[in-house]
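Below is one structure, written out as structure tokens; the observations come after it.
All residue numbers refer to positions in the sequence shown, counting from 1. This structure is a prediction, so every number in the text was calculated from the model and none was measured.
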Amino acid sequence: KKTLEYLQKNVPDINIVKKNYKRINQILEFCEDRFVCRKKNILRYFDEEFNSKNCGEMCDNCLKKQPYKEVDYKEEAVEIINLVQTLKQN
């Protein structure tokens, strides 16, 4: 948030602000990603294709081989929405 505020105050062109903010978000996504091969992410950043056969399992994510697990939170989401609606009515 501080970075965005800094850019908005110190960079006069809003398009440059948006471009830099997008880059910062891409870097954060790269750092926080625990499942996708780092090489794939780096090549995607430069708009290059990645063939998983060429991976070599050298990055931290590939070495951990942490499986991606999709979790369904629909029931919890419905409960939260119902709770919020109940609180609004009271």
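Atom-to-atom distance recorded for Thr86:OG1 and Lys88:NZ is 11.5 Å, nearest 0.5 angstrom.
Among pairs with a residue in residues 11-33, none fulfils salt bridge (Lys or Arg N to Asp or Glu O under 4.0 Å), at least two apart in sequence or across chains.
The hydrophobic cluster containing Ile80, built from Ile/Leu/Val/Met/Phe/Trp/Tyr side-chain heavy atoms closer than 4.5 Å, also comprises Val84.
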Let me check something: any side-chain donor-acceptor pairs from residues 39-49 under 3.5 Å, sequence neighbours excluded? List them with distances.
{"from": "Lys39", "atom 1": "NZ", "to": "Asn54", "atom 2": "O", "distance (Å)": "3.1"}
{"from": "Lys39", "atom 1": "NZ", "to": "Cys55", "atom 2": "O", "distance (Å)": "3.3"}
{"from": "Asn41", "atom 1": "OD1", "to": "Arg44", "atom 2": "NH2", "distance (Å)": "2.3"}

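Partners of Glu57 by side-chain hydrogen bond (donor to acceptor under 3.5 Å, both in side chains), not counting sequence neighbours, listed by chain and number: Lys65. For Phe35, the ring-ring contact (aromatic ring centres under 6.0 Å, His included) partners two or more places apart in sequence, or in a different chain, are Tyr68. The side-chain hydrogen bond (donor to acceptor under 3.5 Å, both in side chains) test applied to Asp60 returns Arg38, not counting sequence neighbours.
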